[in-house]
Amino acid sequence: MGVTAAAQGLPAFRVGTRGSRLALTQTTTAARAVAAAGGLEPELVTIRTEGDVLTGPLSQMGGTGVFATALRAALLAGSVDLAVHSLKDLPTAPVLGLEVAAVPEREDPRDALCARDGLALTELPPGSKVGTGSPRRAAQVRAARPDLVIVDIRGNVGTRLGRVAPGDLDAVVLAASGLRRLGLEDAITELIDPSVMLPAPGQGALALECRTEDASGDTPLAAGLAAVDHLETRLAVTAERALLTRLEAGCAAPVGTLGRVQGGEVVLDVVVADPDGSRLMRRSGRTAAGDVEAARALGIRLGDELLADGAGRLARLTL
């Protein structure tokens, strides 16, 4: 990452990352921000995760954790000092000895349609093929446009975009945040409104995870992490992930949620869908901003309400 730590005379810290172009871009940006605030020099360590090796639908590969396990193992082994995750790929269950010490300001959390001929979701002709590997996106597309054909796809951003005409698909749905970070905004034909498609919990946000003993105290790394932590983003994603925990749902579940700080409150919108998109269950709630525990309680409360109303059966969650 440019001039070495030794050449600058700065203490180095090792940052674990997946090897995809998007992961490297995200990690480089986050690592440089931490380094600038803490007076450090980052050294990137590329780690191949199970999710990078296995093939098939993500929902059948053990869920989002397949991208995080190897990075977390490297942290615990001491071979890296910090891991940068896409927060939506990070399981909600804590790992003893590790802590998400910083959540930088979130990128656009919305989903983006990338379609042929500049078309929006409402403009795609009946029978158009729309690619996504996400049951959440698939269910919400089916709810909005039951006349479209959903095609399960995997691969990096470039591979997915390459399947749109003149490829074999008419459109794909991707995270707007990833497209923006890669400078591919021109591929977006519609930023899908959250009233039509709520994103995955944590979508657009990054999680900077380190060993618990390195997350606090008077050290350059702790100072750098504290400087890049963004309270409004942390409040929003805390509520989103608490909801996901309460529902005991993962990436295989058609659950969308979006938190935001608005007018001094944390507002949380949720949708739980039948996988075929035939029924949607929506809820919204709010609580005073400024307290992470209140944000977590909001997510748990909405999760309890949804479960009481039959969300587990609707989304075919394993409870």
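Along the sequence shown, the residues carry numbers beginning at 1.
Nearest heavy atom pair, residue L113 against residue A171, reads CD1-CB, 3.8 Å. Residues A68 and L90 share a closest heavy-atom pair of CB-CD1, 3.9 Å. In terms of heavy-atom proximity, Q140 sits nearest to L198 at OE1-N, 2.8 Å. Residues V237 and G202 approach most closely at CG1-CA, 4.2 Å, considering heavy atoms. In plain terms, the two heavy atoms of P199 and D111 that are nearest each other are CA-OD2, 3.7 Å. The minimum heavy-atom distance linking A200 with R106 is given by the pair O-NH2, 4.5 Å.
L307 and V272 fall within a single hydrophobic cluster, where Ile, Leu, Val, Met, Phe, Trp and Tyr are joined by side-chain heavy atoms under 4.5 Å apart, directly or via other members. Both I153 and I188 sit in one connected hydrophobic cluster of ILVMFWY residues. Membership requires side-chain heavy atoms under 4.5 Å apart, directly or through other members. Note: the hydrophobic cluster containing V95 also contains L71 (ILVMFWY, side chain heavy atoms under 4.5 Å, direct or indirect links). Cluster membership check: F13 shares its hydrophobic cluster with L44, using side-chain heavy-atom separations under 4.5 Å among Ile, Leu, Val, Met, Phe, Trp and Tyr. Cluster membership check: V141 does not share its hydrophobic cluster with L174, using side-chain heavy-atom separations under 4.5 Å among Ile, Leu, Val, Met, Phe, Trp and Tyr.
Under the 3.5 Å distance criterion, the side-chain polar atoms of S79 are matched with a main-chain donor or acceptor of A74. Checking side-chain atoms of T189 against main-chain N and O of A115 turns up a donor-acceptor pair under 3.5 Å. Judged by distance alone, the side chain of E240 and the main-chain N or O of G259 form a donor-acceptor pair under 3.5 Å. Of the possible polar contacts, one joining the R14 side chain to the G78 backbone as a donor-acceptor pair under 3.5 Å is found. Panel note: side chain E190, backbone L121; a donor-acceptor pair is recorded below 3.5 Å. Judged by distance alone, the side chain of R145 and the main-chain N or O of L124 form a donor-acceptor pair under 3.5 Å. Checking side-chain atoms of S86 against main-chain N and O of K88 turns up no donor-acceptor pair under 3.5 Å.
Ion pair D81/R211 flagged as a salt bridge, since at least one NZ, NE, NH1 or NH2 atom sits closer than 4.0 Å to an Asp/Glu carboxylate oxygen. Ion pairing between a basic and an acidic side chain is recognised when a charged N comes within 4.0 Å of a carboxylate O; E107 and R181 show no such pairing. Checked for salt-bridge contact, D276 and R142 miss the test: no charged N lies under 4.0 Å from a carboxylate O. A salt bridge between D170 and K129 is absent, with no side-chain N of the basic residue lying under 4.0 Å from a carboxylate O of the acidic one.
The distance from atom CD1 of I300 to atom CZ of R296, rounded to the nearest 0.5 Å, is 7.0 Å. Once rounded to the nearest 0.5 Å, the distance linking CG of L225 with CG of L40 reads 9.0 Å. Between the CG atom in D214 and the CD atom in E209 there is a gap of 12.0 Å [rounded to 0.5 Å]. The distance from atom CZ of R110 to atom CG of L179, rounded to the nearest 0.5 Å, is 12.0 Å. Separating the CG atom in L75 from the CD1 atom in I47 is a distance of 7.5 Å, to the nearest 0.5 Å. Once rounded to the nearest 0.5 Å, the distance linking CG of L96 with OG1 of T212 reads 7.0 Å.
When side chains are defined from C-beta on, V151 counts as touching R163, because their heavy atoms get closer than 4.5 Å. Side-chain atoms of L119 and P125, non-hydrogen and from C-beta on, do get closer than 4.5 Å to each other. Considering only heavy atoms from C-beta on, L98 comes within 4.5 Å of R72 through its side chain. Considering only heavy atoms from C-beta on, D108 comes within 4.5 Å of R180 through its side chain. The shortest distance between side-chain heavy atoms of V271 and V255 does not fall below 4.5 Å. Between V45 and V15 there is no side-chain heavy-atom pair separated by less than 4.5 Å. In this structure, P109 and L258 have side chains that are in contact, with non-hydrogen atoms separated by less than 4.5 Å.
Checked against T17 for a side chain to side chain donor-acceptor pair (under 3.5 Å), the options T46, T25, T27 give a single hit: T27.
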For a side-chain contact (heavy atoms from CB on, under 4.5 Å) check, start with the C-alpha distance between V172 and T132, then their side-chain angles and the critical distance, and finish with the verdict.
CA-CA 6 Å; V172 293; T132 176; over 6 Å; no

Where do L208 and V103 land on the side-chain contact (heavy atoms from CB on, under 4.5 Å) test, with the steps shown first?
CA-CA 6 Å; L208 277 55; V103 181; over 6 Å; no

Give the C-alpha distance, both sets of side-chain angles, the deciding distance and a yes or no for side chain to side chain donor-acceptor pair (under 3.5 Å) between D269 and S284.
CA-CA 4 Å; D269 296 322; S284 293; 2.5 Å; yes

side-chain contact (heavy atoms from CB on, under 4.5 Å), that's the test. Do L306 and M281 meet it? Break it down for me.
CA-CA 8 Å; L306 286 160; M281 185 180 293; 3.6 Å; yes

Check the pair D309 / R283 against side-chain contact (heavy atoms from CB on, under 4.5 Å), numbers first and verdict last.
CA-CA 11 Å; D309 290 341; R283 291 291 184 278; 2.3 Å; yes

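Other residues, nucleotides and ligands contribute over 12 non-hydrogen atoms within 6.0 Å of the CZ atom of R282.
For the residue pair R136 and Q203, a side-chain donor N or O sits within less than 3.5 Å of a side-chain acceptor on the partner. Using a 3.5 Å distance cut-off with no hydrogens or angles, the side chains of E265 and T287 do not pair a donor with an acceptor.
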